[in-house]
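Worksheet: one structure, shown below.
Excluded from the calculations below are hydrogen atoms, water molecules and symmetry mates; all remaining heavy atoms, backbone and side chain alike, are included. In what follows, every chain begins at residue 1, and chains take the letters A, B, ... in the order their sequences are listed. Quick caveat: nothing in here was measured; it's all calculated off a predicted structure.
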2 protein chains.
Amino acid sequence: MQDPVDRILDQWRTEMPGIDPTPMGIIGRLSRAASAVESRLAETFKRHGLDASSFDVLATLRRSGSPFRVTPVALARDAMISTAAVAQRLNKLEKRGLILRDENPDDGRSTFVTLTPAGKALVEQALPDHLATERALLGNLSTEDQTLLAHLLGNIFTTASELSSARP
Amino acid sequence: MQDPVDRILDQWRTEMPGIDPTPMGIIGRLSRAASAVESRLAETFKRHGLDASSFDVLATLRRSGSPFRVTPVALARDAMISTAAVAQRLNKLEKRGLILRDENPDDGRSTFVTLTPAGKALVEQALPDHLATERALLGNLSTEDQTLLAHLLGNIFTTASELSSARP
DNA sequence: TATTGTTATACTCTATAACTATA
DNA sequence: TATAGTTATAGAGTATAACAATA
């Protein structure tokens, strides 16, 4: 059974017999799977007036527990983006009344980002739908396969992170 | 052993005991792995004066075999982007002398995109380095694990594609 | 001096729409 | 009418740099 990725590998084997394209099969499928999954998740978010980055912020606040308050630095670390990018995400969410920014009385430099009742309601409304989509995406995999997949992906993530920090 | 994704799942289990966040563990690791891998690949491409989308086009042309000629529609299908996006990728590559556009004498609407000798040389120079990076990213996985991972990812990709086309 | 957070700015990538030309 | 391809344009998202304020 030939899928598009297998056909690509065959082309390479014919054209460049000296090189082994096997790794492309795994990395290629990783990219394609991630991108297809992303599209499905985006559809779900859109139904709730959200996108992945907005949901990301709201979900981080929600799962942090009462009082649903996190600093921008923590949000940046969590999402692996710059604090400037966080500030712009927050501007959008603040305009919509989904989060608000408070001063930190103990540290004048710092800001508290807090989920508003509207923001909490929205993320709690989107969450079950989001999880249903994720469950559907995994629907063909047994529990054992899912556990295995999580481990394999975790391994790649770790390797990729170490590769990066290995270059000074 | 707790990784960041496990901590996120624990937070959800505490905050929303009614919902099962397990699918987030797999989908979350898929996104993170893909994004970390993408960063590593980008570093390699950069060393050769390329980025992922440019490499993508050049590689498609190269592996198509002599005369290294493909139409924009085929490139769009292959990369899963619009033909307008392809035209803009081609403009960049054409300015750099890495591809050229010819008319199709048999169909006046159609264009042939051809790899120049410079484009061929560049992609052939980048290819071994690119594969070495991919191999390094998979370095901790046995051959069996890699085969398994390819199957699991293929399964998710298929499910995601069917989910999408299932909505009319 | 280092940290927190923001804005201004520029960059990259994409899709949509409008258009030309050919089949 | 449908297909191939292009440009113009706008939108989304990011990072870098510069800055203000506080630690």
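Proximity note for A/Pro72 (side chain, C-beta onward) versus D/dT7, C/dA23, C/dT6: the nearest is C/dT6. Comparing D/dT6, C/dT6, D/dA15 by their nearest atom to the side chain of A/Thr83 picks out C/dT6. Here D/dT6 is the nucleotide among D/dT6, D/dT14, D/dT16 with the atom lying nearest to any side-chain atom of B/Thr111. Among the nucleotides D/dA4, C/dT7, C/dC13, the one closest to any side-chain atom of A/Ala87 is C/dT7. For A/Ala85, whose side chain is taken as the heavy atoms from C-beta onward, the closest listed nucleotide among C/dT7, D/dT14, C/dT22 is D/dT14.
B/Lys95 places its NZ atom 12 Å from the P atom of C/dT12, with the value rounded to the nearest Å. Distance B/Arg109 CZ to D/dA2 C1': 8 Å, rounded to the nearest Å. B/Ile99 has its CD1 atom 12 Å from the P atom of D/dG5, to the nearest Å. Here the P atom of nucleotide C/dG5 and the CG atom of A/Asp107 are 8 Å apart, to the nearest Å. One can place CG of A/Asn104 at 13 Å from P of C/dT6, the figure rounded to the nearest angstrom. In this structure, A/Gln88 places its CD atom 10 Å from P of C/dA8, rounding to the nearest Å. For B/Met80 and C/dC13, the CE to P distance is 17 Å, given to the nearest whole Å.
Remark: the B/Asp129 side chain and the B/Thr44 side chain contain no N/O donor-acceptor pair separated by less than 3.5 Å. Under the 3.5 Å distance criterion, with hydrogens and angles disregarded, a donor-acceptor pair is assigned to the side chains of A/Asp51 and A/Ser54. Inspection of the A/Asn91 and A/Arg101 side chains reveals an N or O donor paired with an N or O acceptor under 3.5 Å.
Taking 4.0 angstrom as the limit, A/Lys92 places a side-chain polar atom (N or O) nearer than this to OP1 or OP2 of D/dG13. Taking side-chain N and O atoms only, A/Ser110 has a distance below 4.0 Å to OP1 or OP2 of C/dG5. Phosphate contact (OP1/OP2 of D/dA4, side-chain N/O of B/Thr71, threshold under 4.0 Å): absent. For the pair B/Arg101 and D/dT6, the criterion of a side-chain N or O lying under 4.0 Å from OP1 or OP2 is met. Listed pair B/Arg89 / C/dT14 meets the phosphate criterion, a side-chain N or O lying under 4.0 Å from OP1 or OP2. Contact annotation: A/Asn91 does not reach the phosphate of C/dT6 (side-chain N/O to OP1 or OP2, under 4.0 Å).
Here A/Glu43 does not pair with A/Arg47 in a salt bridge; the nearest charged N to carboxylate O distance is not below 4.0 Å.
Mapping A/Ala52 and B/Ala74 onto DNA chain D by nearest heavy atom places B/Ala74 closer to the 5' end of the strand.
Counting any heavy atom pair closer than 4.0 Å across all strands shown, A/Asp51 reaches sugar-phosphate atoms only and no base atom.
Counting heavy-atom neighbours within 6.0 Å of B/Gln125 CD, excluding the residue itself, gives a total above 12.
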